[in-house]
Amino acid sequence: MKDLVRKLRKYEIQIRKAIDAQMQGDFKSVFKSSGLEFDDVRAYQYGDDVRSIDWNVSAKGHGTFVKTYREEKEQNVFLLLDVSGSHALGTPGSQKLDMGKEIGGILALSALKQGSQLGMICFTDGKERYLKPGKGNDHAYSLIKTLAELKPQSLKTNIGAGIKLCLNVVKRKSIIILISDFIDLNYERELIMLAKKHDLIVLQLVDKREVNFPKLGIVPLLDKETGKTIWINTSSKEFRERYLVPYAQNQEKLARLCRQYQADFLPIYVEQDYVPQLVNLFRARNKIMKRSA
């Protein structure tokens with residue numbers, strides 16, 4: 001546990017230093033939301049936007065009233081982590097699941113240092129772990145310990161169900177960090193709902209073999225989620241059209257959806273150092289926050 005926390009702190013310091021040096025800023029803007037929360041109502045004044053009229057209050061017959069808002073002072077952050085069987089691809093210690101847990105731990109330490117309320121949902125085709133939002137070192141270490149010890153009960157994937165669980169649990173507008181390899185179908189509707197309701201950051205975990213599988217001839221391949229082994233000719237055109245092309249198309253569709261609904265999207269390749277990739281994402285968020293400030 002101590003070794004894991006030490007490793008995460010090293011990565012976190014590396015990210016913070018990079019942002020400080022290159023942006024003359026800090027990590028806070030990564031978790032800063034431009035969202036507003038409802039404050040009160042007041043009488044309508046000439047020049048007010050008619051879209052801000054509170055029709056329910058105005059209908060009581062005491063005049064026309066508009067809603068007023070204030071900037072959110074305390075930001076909620078939720079990690080939504082896919083821990084299904086397909087994340088076990090790779091060598092122990094550098095699997096997609098390991099990368100997802102590490103990134104979750106880094107973001108947890110960083111968010112909590114900025115005073116953000118942090119919660120977590122881990123899912124497969126159902127709920128695996130839920131950690132309600134909290135603050136402080138004890139909460140951070142509890143989250144990291146939960147991730148380190150997590151052994152999913154199911155190997156199957158249902159991203160749509162995982163997102164629905166998040167939508168049911170997280171009522172207040174929050175920063176949602178969704179970490180998954182997105183090897184699944186029919187989750188687009190739920191993803192759009194999540195992006196519309198929350199400030200969404202999508203991190204896709206990718207193994208190079210999923211996009212550029214070597215031509216090895218006829219070999220046995222194990223499906224991590226069903227436990228079945230099938231023999232496939234990896235050199236054939238049919239294999240590439242059936243498995244590799246749809247994967248690339250799925251990634252393009254995911255990136256397009258995120259752009260359309262103003263969600264941040266970053267593919268993270270597990271063979272590469274993911275710290276610079278995260279820094280680039282946070283640098284872009286910094287720029288957007290500065291322009292909107």
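For clarity, every value in this text was computed on a predicted model and none was experimentally measured.
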So, taking the atom named [atom1] in [X] and the one named [atom2] in [Y], what distance separates them when rounded to the nearest 0.5 Å?
X	Y	atom1	atom2	result
F78	H198	CZ	NE2	9.0 Å
L143	M120	CG	CE	4.0 Å
C122	L147	SG	CG	5.5 Å
I103	I268	CD1	CD1	3.5 Å
D207	I183	CG	CD1	9.0 Å
L191	L200	CG	CG	6.0 Å

In terms of relative ring orientation, are Y187 and F182 parallel, tilted or perpendicular, with 30° and 60° separating the classes? tilted
Verify side chain to side chain contact (heavy atoms under 4.5 Å, CB included) between I179 and L80, making sure each step is shown before the conclusion. CA-CA 6 Å; I179 305 175; L80 183 56; over 6 Å; no
Does the side chain of [X] reach to within under 4.5 Å of the side chain of [Y], using non-hydrogen atoms?
X	Y	value
Q95	V270	no
I163	I176	no
C166	L194	yes
L178	L203	no
L266	L278	yes
M99	E102	yes

Mind checking what makes salt bridge (Lys or Arg N to Asp or Glu O under 4.0 Å) contact with [X], not counting sequence neighbours?
X	value
K196	none
R259	none
E188	K253

Residue pairs passing the salt bridge (charged side-chain N to carboxylate O under 4.0 Å, His left out) test where at least one lies in residues 162-171, sequence neighbours excluded: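 Salt bridge (charged side-chain N to carboxylate O under 4.0 Å, His left out) check on residues 162-171 returns K164-E190.
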When you measure from the side chain of [X] to the backbone of [Y], do you find a donor-acceptor pair of N or O atoms at a distance under 3.5 Å?
X	Y	answer
S58	F65	yes
K132	G119	no
Q204	V202	no
S174	R172	yes
S142	D138	no

Verdict with reasoning, S180 to I159, per side chain to side chain contact (heavy atoms under 4.5 Å, CB included): CA-CA 8 Å; S180 173; I159 295 174; 3.6 Å; yes
Of all residues at least two apart in sequence or in a different chain, which pass the side-chain contact (heavy atoms from CB on, under 4.5 Å) check with [X]?
X	result
S154	T124, D125, E128, K156
L165	I121, K127, V169
V66	R42, Y44, D48, S52, I53
L97	V83, H87, K101

Assess the residue pair V170 and K197 against the criterion (side chain to side chain contact (heavy atoms under 4.5 Å, CB included)); give the C-alpha distance rounded to whole Å, side-chain angles, the decisive distance to 0.1 Å, and a yes or no. CA-CA 10 Å; V170 187; K197 185 175 180 181; over 6 Å; no
Side-chain heavy atoms nearer than 4.5 Å, only ILVMFWY residues, links allowed to pass through others: does that put M193 and L185 together? no
With sequence neighbours excluded, tell me which residues meet ring-ring contact (aromatic ring centres under 6.0 Å, His included) with F265.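 Once residues adjacent in sequence are excluded, F265 has no partner under the ring-ring contact (aromatic ring centres under 6.0 Å, His included) criterion.
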Minimum-distance pair of heavy atoms, taken over all atoms of [X] and [Y]:
X	Y	value
G105	I144	CA-CG1, 4.2 Å
L118	H139	O-NE2, 2.7 Å
Q117	N76	CB-OD1, 2.9 Å
N158	A161	OD1-N, 2.9 Å

Determine whether Y269 and Q277 satisfy the following criterion, side chain to side chain donor-acceptor pair (under 3.5 Å), listing intermediate values before the conclusion. CA-CA 9 Å; Y269 293 84; Q277 299 179 64; over 6 Å; no
Check whether more than 12 heavy atoms from other residues, nucleotides or ligands sit under 6.0 Å from atom CG of N168, and answer yes or no. yes
Got a sec, which residues hit side chain to side chain donor-acceptor pair (under 3.5 Å) with E149, two or more places apart in sequence or on another chain? K145
